[in-house]
Amino acid sequence: MADQTGAGPAVAEETTAAAAARRWGPMRVVAALAIIAVLLVFPYLLPSGFWVDMAVQVLIWGALASAWNLSAGYAGGLSLGHAAFLGVGAYTSTLLFLELDISPWLGMFAGAGVAGLLGLVLGAITLRLRGPFFVLATLAFGFVVHILAVNLRDLTRGAAGLVIPFDGGWENMLFASLEAYWYVGLGLVAVVVGITLWLERSRFGYYLTAIRENEDAARSVGVKVVRWKIVAAALSAALTAVAGTVYAQFVQYIDPDSTTEFELSVQIALIAIVGGMGTAFGPLLGAVVIIPLGEVLRAELGGGPSLMVYGALLVTIVLAAPRGALPWLQQLVRAARRRREVSA
Amino acid sequence: MDLALQIIASGLLTGGIYALLAVGLTLIFGVLRVVNFAHGEFMMLGMYGAFWMWALWDIDPYLSVFAVVPAIFGLGLLTDRLIIKRTIGAPEVTVVFATLGLSILLQNAALTVFSADTRSVTTGYTGTALSFGEVRVSIPMLISFVVAIGLALALWAFLSRTRFGKAIQATAQNRDAAALMGINVQRVYMMTYAIAVAGAGAMGAIAAPVFSVYPRVGLSFVITAFVIVVLGGLGSVLGAVIAALLVGLVQSVVGFLVGAAWAEIAYFVLFIAVLVLRPQGLFGRRGAEVYQGA
Amino acid sequence: MLTVSEVTVDFVGLRAVDQVSFSVGHEQIVGLIGPNGAGKTTLFNVVSGMIRPTGGAVALEDEDIGHLGPADRSRRGIGRTFQIVKPFGNLTVRDNVVVAALTQGHSVPQARRVADEQLERLGLASGADTLARGLPLASRKRLELARALATDARLLLLDEMMGGLTPTEVNDALALVRELNEEGMTFLIIEHNMKAIMQLADRIVVLNQGAKLAEGSPQEIAHHPEVVAAYLGEPVEDASDSEDADGAA
């Protein structure tokens, strides 16, 4: 977060682009443009639909983990109930689409609203809980939503699930080509990671990290801990629901197990932890690693052994590198650069 | 009236079986300050142990306890050595997710080795019942209840009567003071973890004649055990026993009145309410819930 | 500036603070002393809004602030440090102070400038980009002070700032408090280092078992019979006639 160049008095008056160019240097701007260009044509570089499908999943899971990271990584609320918000997003937009013919583009906001409200209430209720108590409360909340999804049959059709009939077109967020979902997923990730990047530099982000580090100290310097924790919980829940809508439109079938189950909450957390909690790009990196790894392992070894690897990976990462892969990689890069400077 | 008695009886019996699982969970939390998400998996392994000893060698599940307990105890020692020990004093994310990862690992190891099939033990007493007036009580259920409560109370007696039990309690109250008094805290942690998960294994073995076993069976049990432990006051052994009976009762009564799903929602909501409003549990003293995060 | 009237705090089965009243005038330095468990830190928590008292009132500039939480009290000018320091460990030293400055309504670049000024003044500028958890104890204590100063505090509550410091560091801390005081800062200080507080304070409040035992100038307190008795029967060191470094009770 620290800006090594030191912010001079002129910063506020500079335009964003000029400031970016000054801070990053022209090389980095070129690199960023190149990355954007590659991302835009990426699905067409992949050998088959299988890989495009996986790439879209990476984006959706990356967005889910990034949304989780907003409250867990920055504000310190390790939630094990986030699948509930994924489910709320998926079910809200799908039901609005099926029952009232409302476009998922609008339903997405409705889902985000409902989930945001739920996140706000849950955030307010669990405000004072710390450590394992917070984890257990979110876990219980996740179970409540799952049980409701199974049992409110009049609304959700229970375990039978909901099929989204294919009626292709932008207005319905339904596409015949997998590539189109890549761009939807890319937009989704851009929004969530963009919000995270903005947060890192904003007052809000400073407050959240202070709260994560020490609530009492944050209060003592004037941070309104209650307000910001609740806002973070609501924002994280709302963005998770948005990803839930995209997920529903992508798989075109939702049921309680595929949207609200406990294991999904674990997977969301796992991806963010492996990649690096409390970093803007860590959760995305986690998805890039975990999703293909999971697919390959499942194909090679079957469901049980692949999940065994997940479990072992989770244990190893939290014991050996609890800050995740990204900070570890950054350290490696810094060390390599130092070596190069020394030898030069 | 008789129906009511029947419902109460079956609720208490189920609750009693849960007690043994909850006691270990609460002990681990009270002493190590670790929420053992893998607790249900040790129970699941105990169930498989009992099942296979019955299936292969025709050993009665209640007798298999004598083999299952030492085996799971050893596994507990190993787990403490490899994982739990390294989480003490580590960041919160490590404390929470290390045991969760272990749970995923063990669950899917079982899935890989034993497949997803649901298996049940059938013995001479399966389906038999005692009649008290109009109330019928399943015999295996009754035996399991008696053994589970007996073991849970034995654990409680061990903690309050023996020298090592007192060392465990001293460590639970104040790690640093216990170390100053010459207690080997690392050893206390290791033994506590192993004893607690052996309790879960024992519960699995004695539950085998009553409940079917499948790889994910631990998850549903452990979630209920969390509810019990929080209601009883995290760290309180006797509180866990009482809360287990209470939860069994609530599950049975509410389940009968409005259906099992709503009963589950009711106790999860109760669970959150207790966490928020009375974190020391329904019967706990204040102070036991204090959590010192790293 | 600060008026504490008849504040009482009950914990379960224990009266931690019992009907304590005192006041702190503008630009005064008031010491709060007493044996361990006397209720000093509890009283700090009441003044800074961390806990609600069972009874009594706290007023800042004659205005009751009992209904305000710690964040609002910080915004009204009450800053504090903690007995066991609480830095934002995984933030840089600068960002620790930036957080505090932001609550004063500064923009992020402005807050950075405020933070750098405070770090410069407290001699922490050279390590501004390192993580706070890596700082030695004396620097972490200074960092807490820098954080409080960045909130534009007018009343500083220092909870055992000298504890664990070397004699040189204690002298630096004393000089810093004096300097800030000359610039108009008001202080309420909990201190176990008797010599330091006797030198520093205009007035001293003595707590014992939750209740106020005595109040007066350092001279009066040093010779107060009950205070002397409370401190294990040994005369309290007087700043003017003892050079022993350690005066911890």
Side-chain angles (χ1 to χ4, degrees), chain A residues 72-73 76 78 80 122 124-148 150-152 212 214 262-263 266-267 269-270 272-273 277-278 301-324, chain B residues 29 33-35 37-38 82-83 86-87 90-116 215-216 219 223 226-227 229-230 234 259-262 264-273 275-277 279 289-294:
Chain A
L78 294 173
L80 274 182
L122 184 69
I125 288 174
T126 57
L127 207 60
R128 270 169 237 295
L129 299 179
R130 296 189 183 185
F133 300 92
F134 179 86
V135 176
L136 288 175
T138 55
L139 179 146
F141 168 75
F143 273 90
V144 168
V145 171
H146 179 67
I147 298 166
L148 286 174
V150 176
N151 289 283
L152 290 177
R212 179 191 69 199
N214 194 307
F262 175 63
E263 277 81 353
V266 177
Q267 168 123 341
L270 169 83
I273 291 168
M277 280 169 65
L301 306 170
S306 69
L307 286 168
M308 274 176 78
V309 174
Y310 264 30
L313 186 69
L314 184 55
V315 175
T316 313
I317 286 275
V318 296
L319 288 180
R323 294 174 61 213
Chain B
F29 183 83
R33 302 274 139 178
V34 166
V35 175
F37 280 102
L82 292 177
I83 299 173
R86 295 161 206 264
T87 68
E92 198 181 308
V93 61
T94 309
V95 179
V96 173
F97 284 90
T99 60
L100 194 62
L102 177 64
S103 155
I104 298 171
L105 178 65
L106 291 175
Q107 213 179 88
N108 291 287
L111 179 68
T112 307
V113 179
F114 304 129
S115 87
R216 281 175 47 120
L219 181 66
I223 295 299
F226 278 135
V227 177
V229 162
V230 167
L234 271 155
W262 296 105
E264 251 185 294
I265 288 181
Y267 74 63
F268 278 128
V269 170
L270 181 67
F271 175 66
I272 296 174
L275 272 175
V276 172
L277 302 174
E289 82 284 7
V290 174
Y291 169 74
Q292 272 101 20

* Check each atom of Phe226(B) against the heavy atoms of chain A and say whether the ones under 4.5 Å are side chain, backbone, both or neither. => side chain
* To do: Name the region of Val35(B), side chain, backbone, both or neither, that has any atom closer than 4.5 Å to a heavy atom of chain A.
  => side chain
* **Passing option when Thr87(B) is tested against Thr94(B), Val96(B), Thr99(B) for side-chain contact (heavy atoms from CB on, under 4.5 Å)** => Thr94(B)
* Look up atom CG in Leu275(B) and atom CZ in Arg128(A), then write down how far apart they are to the nearest 0.5 Å. => 14.5 Å
* Which bit of Ile272(B) is near chain A, if near means a heavy-atom gap under 4.5 Å: side chain, backbone, both or neither? -> side chain
* Structure fact -> Residue from Leu105(B), Ile104(B), Val227(B) scoring the most non-hydrogen pairs under 4.5 Å with chain A is Leu105(B)
* At what distance, to the nearest 0.5 angstrom, does CG of Leu106(B) lie from CG of Leu111(B)? -> 12.5 Å
* Can you tell me how far CG of Leu301(A) sits from CG of Asn108(B), rounded to the nearest 0.5 angstrom? -> 12.0 Å
* Asked: Is it the backbone or the side chain of Leu152(A) that comes under 4.5 Å from a heavy atom of chain B, or both, or neither?
  -> side chain
* Asked: With chain A, which of Val269(B), Ile83(B), Leu102(B), Val113(B) has the greatest number of heavy-atom pairs at distances under 4.5 Å?
  -> Ile83(B)
* **Value rounded to 0.5 Å, distance of CZ in Phe271(B) from CD1 in Ile265(B)** => 15.0 Å
* Please state whether the side chain, the backbone, both or neither of Ile273(A) comes within less than 4.5 Å of a heavy atom of chain B. => side chain
* Please check if the side chain of Thr138(A) supplies one atom and the backbone of Leu80(A) the other of a donor-acceptor pair under 3.5 Å. => yes
* **Residue Ile223(B) versus chain A: region with a heavy atom under 4.5 Å** => side chain
* **Check: Phe29(B) ring centre within less than 6.0 Å of Phe133(A) ring centre** => yes
* Which answer fits Leu313(A), side chain, backbone, both or neither, if we ask what part of it has an atom under 4.5 Å from a heavy atom of chain B? -> neither
* **Interchain contact, Leu307(A) with chain B, by part (heavy-atom threshold 4.5 Å)** => both
* Asked: For the candidates Leu136(A), Asn151(A), Val135(A), Val315(A), which exhibits the highest count of non-hydrogen atom pairs separated by less than 4.5 Å from chain B?
  -> Leu136(A)
* For Leu129(A), is it the side chain, the backbone, both or neither that has a heavy atom under 4.5 Å from a heavy atom of chain B? -> side chain
* Measure the spacing between CG of Leu319(A) and CZ of Arg86(B) and express it to the nearest 0.5 Å. => 7.0 Å
* May I ask you to name which of Phe141(A), Phe143(A), Phe262(A) has the most heavy-atom pairs under 4.5 Å with chain B? => Phe143(A)
* What part of Val230(B) is in contact with chain A, defined as an atom under 4.5 angstrom from a non-hydrogen atom: side chain, backbone, both or neither? -> side chain
* What distance separates Gln107(B) CD from Glu263(A) CD, expressed to the nearest 0.5 Å? -> 6.0 Å
